[in-house]
Amino acid sequence: MQKVLGIAGWSGSGKTTLIGALLPRLAARGLTVSVIKHSHHDIELDVAGKDSQRHRASGAHEVMVVSPNRFGLFAETPQALTLEQQLSRLAAVDLVLLEGQKTLPVPRIEVHRTACAKPWLYPDDPFVIALASDCAAETDLPQLPLDDHAAIADFIANWLKDSA
């Protein structure tokens with residue numbers, strides 16, 4: 001299985017913003033990184049009326065749309081994909097960041113923002129390996145300032161190297 005690191009926290013804590021800031025910094029370190037974003041809601045990725053949506057609505061198991069620079073794959077699933085099934089759909093990379101999916105048994109960085117007024121995950125989550133926050137916590141876990149994206153990218157790169 002590919003190396004996987006979760007980026008977990010409550011809604012509004014800044015997970016998406018953090019990942020967006022980390023991706024170019026990790027790429028600058030020569031790392032290839034993919035992201036799996038979890039949604040608690042049903043999502044509609046295809047556009048109504050487009051050929052791909054019409055094929056899917058007509059019963060195609062999967063529909064791939066291919067252009068010179070990218071592709072998209074649309075598929076219906078009878079149930080949520082397991083982590084292994086999700087990873088099997090991705091090309092091999094150095095690291096896969098999981099946004100959300102905080103119940104999966106993978107190492108993760110907890111993103112915590114005081115303004116969310118939500119409790120920390122780490123006291124009850126043995127998979128949290130570090131905290132990225134705008135405030136200090138009472139723990140021996142590594143603590144990284146939420147807005148210090150370079151330090152968080154350094155932590156991830158070192159973790160990846162140490163866990164190889």
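Across all non-hydrogen atoms, the minimal contact from Leu144 to Ala130 is CD1-CB, 4.4 Å. Between Ala132 and Leu18, the closest heavy-atom pair is CB-CD2, 4.4 Å. Residues Val65 and Ser52 approach most closely at CG2-CB, 3.5 Å, considering heavy atoms. For the residue pair Ala136 and Trp120, the shortest heavy atom distance occurs at O-CZ2, 4.1 Å.
Proximity of a side-chain donor or acceptor of Arg113 to a complementary backbone N or O of Asp134 within less than 3.5 Å is not detected. Listed for the Ser133 side chain is no donor-acceptor partner under 3.5 Å among the backbone atoms of Leu146. Within the 3.5 Å criterion, the main-chain N or O of Leu81 finds a donor-acceptor partner in the side chain of Gln86. Under a 3.5 Å cut-off, the side chain of Ser13 and the backbone N or O of Trp10 do form a donor-acceptor pair. Checking side-chain atoms of Thr77 against main-chain N and O of Ala80 turns up no donor-acceptor pair under 3.5 Å. Side-chain atoms of Lys102 do not come within 3.5 Å of backbone N or O of Glu110 as any donor-acceptor pair. Side-chain N or O atoms of Gln143 include one that pairs as donor or acceptor with a backbone N or O of Ala137 at under 3.5 Å. With hydrogens and angles ignored, the 3.5 Å screen pairs no side-chain donor or acceptor of Gln101 with any backbone N or O of Leu98. Within the 3.5 Å criterion, the main-chain N or O of Val96 finds no donor-acceptor partner in the side chain of Ser34. Side chain of Lys3 to backbone of Leu95: no donor-acceptor contact under 3.5 angstrom is found.
With contacts defined as side-chain heavy-atom distances shorter than 4.5 Å, the pair Arg108/Ile129 does not qualify.
When hydrophobic clusters are built by joining Ile, Leu, Val, Met, Phe, Trp and Tyr residues whose side-chain heavy atoms come closer than 4.5 Å, directly or via intermediates, Phe127 is not grouped with Leu97.
Between Asp154 and Arg25, none of the side-chain N atoms (NZ, or NE/NH1/NH2) sits under 4.0 Å from a carboxylate O, so this pair counts as no salt bridge.
Of the inter-residue distances, the one linking Leu26 atom CG with Arg29 atom CZ reads 6.5 Å to the nearest 0.5 angstrom.
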